[in-house]
> 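Dropping a structure here in structure tokens format, bear with me for questions.
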Amino acid sequence: MTKKPYTYNQLNILNSVLEEGSYTQAAKRLGVSQSAISQAISTLENNLGFKLFMQRGRHLVPTDYCLELGSLTSKIREVEDDLEQLIQRSKIFEAAVLKVGLCSPMPGTEIIRQFNKLYPKLQTEIYFGNFQETFNRVIDGQVDVGILANVPMDDRLQLKKCATQRLVALCSPNHPFASRESISLNNLASETVIFRTQGSNTQKLINKALDKINLSLNPTYIVNTQESVYDAVYQNLGVGFAWSESATRKDGFVKVSIDELPSNYDEVLFSLKDTNNSVVTALMSSLDKDG
């Protein structure tokens, strides 16, 4: 292998001289003697066969070649800084535990997965429950954060939007509704319907929509989790309801819009306002970086 006409240390010194504007200041920055700086630059010039700096009175003036070289060495510094940040970040929250309340797998598990990439030493505990159980866990301090759709405004909470959801009907791929873009709740009057148990925000919104059109549905099945709804629909037991972007599974069901529920709802990550938890702060900030 051909020996390179430079070393990493020489490039680092060159970059420091360019940024500081003098050998003296570069020496202070790097914690070495001025003669060490001068010797490194001189050796680099000899190896490259180009003059890097010209002395104009008291001023050190970089040559055009030096400036072009410096534009490349600055990228080395940026990479070095990024590596240092990565190393330091991996050590943060080494003994910390983040407790998260979820109603459905998505988008919460993906948010946590991306966050754990940033802080691999962090341990995360996930607690699943219906809307009311998850909301109460945050209010009572049983978990640090919750991720839910359609969270009510509450002075005790800080919220950060993380997704947009619609409430849809779920049916099996061989159901007559599967070929339709949308249905009315009235279409369900003669169908086998799957409801959620009390405390489900999904069910509350469905009940509210039914009340508006003075329709009463008698469910054949009542289940306590959204995953149970997906399982029941997969088994072709009836038509259920769920948030549009909440499932990790992709097959065995069809999502159909509901005429009486055309609006989008914000899914938010939320926590108590008065929490002094650096992990929660970092998690909130990670959503800003993700755009």
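The first residue of the sequence shown is numbered 1, and numbering continues consecutively from there.
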> Can we say Lys161 and Asp266 salt-bridge, meaning some charged N sits less than 4.0 Å from an Asp/Glu carboxylate O?
yes

> Hey, are Lys75 and Glu78 close enough for a salt bridge, meaning a charged N less than 4.0 Å from a carboxylate O?
no

> Between Leu69 and Leu52, does a side-chain contact (heavy atoms from CB on, under 4.5 Å) hold up when you go through it step by step?
CA-CA 9 Å; Leu69 185 61; Leu52 296 173; 4.2 Å; yes

> Between Lys250 and Phe253, which heavy-atom pair has the shortest distance, and what is it?
C-CE2, 4.1 Å

> Could you list the donor-acceptor pairs under 3.5 angstrom formed between side-chain atoms of residues 258-265 and any protein atom two or more places apart in sequence or on another chain?
residue : atom : partner : partner atom : Å
Asp259  : OD1  : Ser182  : OG           : 2.9
Glu260  : OE1  : Leu185  : N            : 3.0
Glu260  : OE2  : Ser184  : OG           : 2.7

> Quick check: closest heavy atoms across Ile126 and Leu102, and the distance to 0.1 Å?
CG2-CD1, 3.6 Å

> Can you find a side-chain donor-acceptor pair between Thr202 and Trp243 that sits under 3.5 Å?
yes

> Assess, by modelled atom type and distance only, whether the side chains of Asn116 and Thr124 contain a donor and an acceptor separated by less than 3.5 Å.
yes

> Between Gln235 and Asp231, is any side-chain donor less than 3.5 angstrom from a side-chain acceptor?
no

> Between Gln132 and Lys204, is there a side-chain donor-acceptor contact under 3.5 Å, judged purely by atom types and distance?
yes

> I need the Leu167 CG to Asn150 CG distance, nearest 0.5 Å.
9.5 Å

> Under 3.5 Å, is there a donor-acceptor pair linking the side chains of Thr281 and Ser278?
no

> Are a donor atom and an acceptor atom from the side chains of Ser286 and Gln114 found within less than 3.5 Å of each other?
no

> Are Tyr230 and Tyr234, when compared by the centres of their aromatic rings, separated by less than 6.0 Å?
no

> Side chains of Thr24 and Ser22: is there a donor and an acceptor less than 3.5 Å apart?
no

> Is Lys160 salt-bridged to Asp288, cutoff N-O under 4.0 Å?
yes

> When you look at Leu159 and Leu269, which way does the side-chain contact (heavy atoms from CB on, under 4.5 Å) test go after all the steps?
CA-CA 6 Å; Leu159 292 77; Leu269 186 149; over 6 Å; no

> Going by atom types alone, do Gln34 and Ser38 pair a side-chain donor with an acceptor below 3.5 Å?
no

> What's the spacing between Asn46 CG and Ile41 CD1 if we round to 0.5 Å?
11.5 Å

> Could you tell me which non-hydrogen atom of Glu245 sits nearest to which non-hydrogen atom of Thr164, and how far apart they are?
CG-O, 3.9 Å

> State whether a side-chain donor-acceptor pair under 3.5 Å links Gln203 with Asn207.
yes

> In terms of side-chain heavy atoms, does Asn174 have a donor or acceptor partner in Ser172 at a distance below 3.5 Å?
yes

